[in-house]
Amino acid sequence: MDKKLGKLAMAFAMVMMIGFAGNALASKEVRFVYVPWTCVTVKTEVAQFFLNELGYDASSMLLSVPIAYQAMASDQADIFLGNWMPTMQSIAEPHFESGKVESFSVIMENAKYTLAVPTYAYEAGLRDFSDIAKFGEKLEYKIYGIEEGNDGNEVIDLMINENMFNLGNFELIPSSETAMLTQVRNFARNQEWIVFLGWSPHWMNKIIDMSYLTGSDETTFGENDGTATVYINIRTGFDQEQPNVATFLSNYLVPIAMVNEAMNMLHEDSSVEPLEAGLAWLRANPEIYRGWMDGVTTADGQPALPVIEAVMAK
């Protein structure tokens, strides 16, 4: 876990101990929680921006996946826009079963989340989960993941601990998203072999010549070789407390093309911010944000679309 995330996790723990946050203090307060993945950051910052423009007091807090669910379950946060299923099921399901967190609506369809390799390794025979162990020496018996506590890391740990696909001799290397992909690119320059967590949408699919492995099933990254659906999760009762925001969330289906383009912009120009990248795509594709405003009002009950049109015209 990187230092920034660690500090935020500690801050959250302190909030939990002293009960500072408590219940939402005002009817216009909307509290997002997000994790350090670029795609989730873009979606969260765009949603937060629109709600603030509509008169809400929207804020967001960066945490790890498990702590994000604890935050919603303990009424420290209201909304999470990054529930990748089925891989996040082991983390999310206990909170669903407790009745404290709900899976509210789909935010993104036909995503992907599974193990990947550089295409030169794929073409040389590493094409399926069952092939990984065959090339253990080339891979130095390592599989590269992202931040600790991430659901993808948990799947890899399960595969290793249960010796699935004969991976019992392998080691998970946790890292940040940025550090892992830097490692992948460094390996690729030298034609070295590496197995890593890959997903779409993400700029990695454009910049790295990579291939996804087959072999995933319901016990690992899900059927259909890691094809994923991303859901919006909410604190139970939030939709009744904030029905207008709930309408917006119901409409908030984000195209993969938007996230891919935004992430490419961020990768190509480090001065661009996630919100800026997301809004740039939306200004070129206004039918998307117009659909999000269907049936939505400002916090004080006025039609939402004229307000958003004025903001997007700037």
Side-chain angles (χ1 to χ4, degrees), residues 30 32-54 56 58 60 62 68 79-85 87-88 103-114 116 146 177-178 181 197-208 210 212 226-234 245-296 304-305 307-314:
V30 180
F32 289 91
V33 64
Y34 71 109
V35 292
W37 310 337
T38 312
C39 59
V40 179
T41 302
V42 170
K43 290 181 290 186
T44 301
E45 291 197 5
V46 168
Q48 182 179 336
F49 171 81
F50 280 133
L51 289 174
N52 279 326
E53 292 297 331
L54 294 177
Y56 289 92
S60 58
L62 173 64
I79 306 166
F80 177 48
L81 303 180
N83 174 220
W84 285 63
M85 296 294 276
T87 58
M88 209 174 280
S103 184
F104 183 70
S105 62
V106 172
I107 189 170
M108 193 164 61
E109 299 176 307
N110 297 316
K112 190 122 180 138
Y113 191 41
T114 187
I146 47 177
E177 172 189 321
T178 301
L181 293 173
L197 272 175
W199 61 92
S200 175
H202 197 279
W203 59 259
M204 73 174 83
N205 298 274
K206 180 178 179 180
I207 303 301
I208 301 171
M210 57 184 278
Y212 292 97
T227 299
T229 300
V230 187
Y231 293 87
I232 296 172
N233 291 171
I234 62 171
V245 177
T247 299
F248 168 72
L249 294 176
S250 296
N251 295 343
Y252 196 48
L253 186 63
V254 176
I256 284 181
M258 169 185 156
V259 181
N260 267 333
E261 183 59 30
M263 295 176 83
N264 287 337
M265 290 175 61
L266 292 167
H267 175 69
E268 293 171 359
D269 186 349
S270 60
S271 68
V272 175
E273 297 294 331
L275 175 61
E276 182 183 357
L279 293 182
W281 189 90
L282 287 167
R283 287 189 172 99
N285 298 271
E287 70 280 1
I288 300 300
Y289 73 76
R290 289 168 183 161
W292 295 344
M293 296 302 124
D294 187 21
V296 178
L305 185 56
V307 174
I308 297 303
E309 291 282 26
V311 170
M312 296 299 281
K314 293 179 181 178

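Heavy atoms only: backbone and side chains are in, while hydrogens, waters and symmetry mates are out. One is the number of the first residue; the rest follow in order along the sequence.
- Looking at Y252, its side chain never comes within 3.5 Å of a backbone N or O of A246 through a donor-acceptor pair.
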| task | Run the numbers on F80 and V35 for side chain to side chain contact (heavy atoms under 4.5 Å, CB included), then give the verdict. | result | CA-CA 9 Å; F80 177 48; V35 292; 4.1 Å; yes

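- Nearest heavy atom pair, residue M108 against residue V259, reads SD-CG2, 4.2 Å.
- With hydrogens and angles disregarded, no donor-acceptor distance shorter than 3.5 Å links the side chain of N264 to the backbone of K206.
- Side-chain atoms of N83 do not come within 3.5 Å of backbone N or O of Y231 as any donor-acceptor pair.
- A donor-acceptor pair is defined here as one N or O able to donate and one able to accept, closer than 3.5 Å; no such pair exists between the side chain of R283 and the backbone of A313.
- From D269, atom CG reaches atom CD of E276 across 8.0 Å, with rounding to the nearest 0.5 Å.
- Considering only heavy atoms from C-beta on, T44 stays 4.5 Å or farther from T41 through its side chain.
- Taking CD1 of I107 as the reference point, atom CG of L81 lies at 4.5 Å (rounded to 0.5 Å).
- In terms of modelled atom types and a separation under 3.5 Å, the side chain of W292 and the main chain of L253 share a donor-acceptor contact.
- Counting all heavy atoms, side chain and backbone alike, A280 lies closest to M265 at CB-CE, 3.9 Å.
- Looking at residues two or more places apart in sequence or on another chain, you find a side chain to side chain contact (heavy atoms under 4.5 Å, CB included) between Q48 and F32, N52, A58, S60.
- When atom types are taken as modelled, the side chain of N205 and the backbone of H202 share a donor-acceptor pair closer than 3.5 angstrom.
- Between the side chain of Y113 and the main chain of T229, no donor-acceptor pair closer than 3.5 Å is present.
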